[in-house]
Amino acid sequence: MELKVSSKKLGAPTRITTQKNKNEPQGKEGLQTWHRGDRLTLSRQALSILEQRNRENWEQAQRRREQAKGQGKNEEKMLDSLERGLRTMKLCNRIAARIRAGDRVPPEDLRYLMKNDPAGYRLAMAMRKPKEHPKEWESALEDQDRQETQGENTEGATERSGGEISGGAEV
């Protein structure tokens, strides 16, 4: 394909003349014919318009890519927060199930359940079944969860006194 820029104004018709080829049959000399290959002739004004449009399209594509990157970061943050919330819910459900079964749960687990799922705590305490020999459970919390609960207590949060926190889920 051949591209050619002419100095003519936009809209002016252009014709392409071909040179006489030895292999072509002899005909009228000087006859203007269209070349068999692809050719495009543009004026300087049309070329500048095309270049400007290409630049604008490229800039828009760059902006879209940057926005997509920004959205990816937001989505990662959202997924991280959802993952933490799901992990918290699993821990709360595990602790509540132990309470409902009538077993003894460590006080930090009770505080964690009260802080993160107060309705679940009340429901578990209301549904607990008394046992003659309740099982003593180790804490279901991991180190970072314990630190959150202990950090809250050292920052001046008031602990409730009573059999619920200090005595576990005894009946």
Side-chain angles (χ1 to χ4, degrees), residues 1-3 5 10 37-171:
M1 177 184 226
E2 179 183 331
L3 292 177
V5 177
L10 236 175
D38 294 336
R39 287 190 178 192
L40 176 65
T41 305
L42 298 172
S43 68
R44 293 191 193 282
Q45 185 180 8
L47 184 64
S48 67
I49 291 171
L50 285 175
E51 287 175 346
Q52 181 182 1
R53 284 186 184 167
N54 284 340
R55 227 183 347 261
E56 289 172 358
N57 289 339
W58 184 79
E59 289 171 356
Q60 286 176 355
Q62 286 290 77
R63 277 187 247 124
R64 278 181 271 169
R65 281 187 214 114
E66 288 177 12
Q67 287 176 352
K69 285 181 185 177
Q71 288 176 354
K73 290 177 184 177
N74 290 338
E75 289 173 358
E76 286 178 21
K77 289 178 184 178
M78 189 185 323
L79 285 175
D80 287 343
S81 66
L82 289 173
E83 187 176 337
R84 281 193 303 270
L86 182 63
R87 191 171 140 274
T88 301
M89 285 175 49
K90 280 180 160 181
L91 277 172
C92 289
N93 285 335
R94 185 179 302 146
I95 296 167
R98 292 175 179 178
I99 293 171
R100 283 192 303 266
D103 295 333
R104 290 188 185 187
V105 179
E108 64 261 9
D109 285 9
L110 286 171
R111 280 191 291 274
Y112 185 83
L113 182 61
M114 278 192 292
K115 176 184 172 245
N116 293 302
D117 189 12
Y121 172 78
R122 286 192 303 269
L123 186 63
M125 294 303 277
M127 292 180 64
R128 69 180 171 197
K129 298 175 186 171
K131 274 189 178 177
E132 234 176 85
H133 303 288
K135 181 177 179 178
E136 284 281 335
W137 283 99
E138 294 284 323
S139 179
L141 302 177
E142 294 177 7
D143 291 335
Q144 78 182 64
D145 298 321
R146 272 193 213 104
Q147 289 173 358
E148 287 177 14
T149 315
Q150 289 173 357
E152 182 180 290
N153 290 337
T154 58
E155 290 173 1
T158 58
E159 286 191 39
R160 296 179 187 165
S161 61
E164 297 172 350
I165 294 175
S166 61
E170 297 179 30
V171 178

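Hydrogens, waters and symmetry mates play no part in the numbers below; they use all other heavy atoms, side chains included.
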Can you pull out every salt bridge (Lys or Arg N to Asp or Glu O under 4.0 Å) where at least one residue sits in residues 47-65? Sequence neighbours excluded, please. none
For Arg104 and Pro134, the nearest pair of non-hydrogen atoms, with its separation, is NE-CG, 3.8 Å
Correct closest heavy-atom pair for Glu138 and Pro106 would be C-CG, 3.9 Å
Distance col, row Ile49:CD1 vs Asn54:CG, nearest 0.5 angstrom, shows 12.0 Å
Here the gap from Glu76 atom CD to Ser81 atom OG, rounded to the nearest 0.5 Å, amounts to 12.0 Å
With a 4.5 Å cut-off on side-chain heavy atoms, are Asn93 and Lys90 touching? no
Do you know the tightest heavy-atom contact between Ala96 and Gly120? CB-O, 4.4 Å
Within-4.5 Å side-chain heavy-atom neighbours: Asp117 and Met89: no
With rounding to the nearest 0.5 angstrom, report the CD to CG distance, Glu83 to Leu86. 8.0 Å
Taken to the nearest 0.5 Å, the spacing of Lys129 NZ from Arg100 CZ works out to 9.5 Å
With a 4.5 Å limit on heavy-atom distance, are the side chains of Gln67 and Gln62 in contact? no
Counterpart residues, side-chain contact (heavy atoms from CB on, under 4.5 Å), relative to Ala140 (two or more places apart): Leu91, Arg94, Ile95, Arg98, Asp109
Pair Leu113, Ile99 - check side-chain contact (heavy atoms from CB on, under 4.5 Å), show working. CA-CA 11 Å; Leu113 182 61; Ile99 293 171; 3.8 Å; yes
Set out, in order, the CA-CA distance, both residues' side-chain angles and the distance that settles salt bridge (charged side-chain N to carboxylate O under 4.0 Å, His left out) for Glu108 and Lys115, then state yes or no. CA-CA 10 Å; Glu108 64 261 9; Lys115 176 184 172 245; over 6 Å; no
Does Asn116 use its side chain to pair, donor to acceptor, with the backbone of Tyr112 at less than 3.5 Å? yes
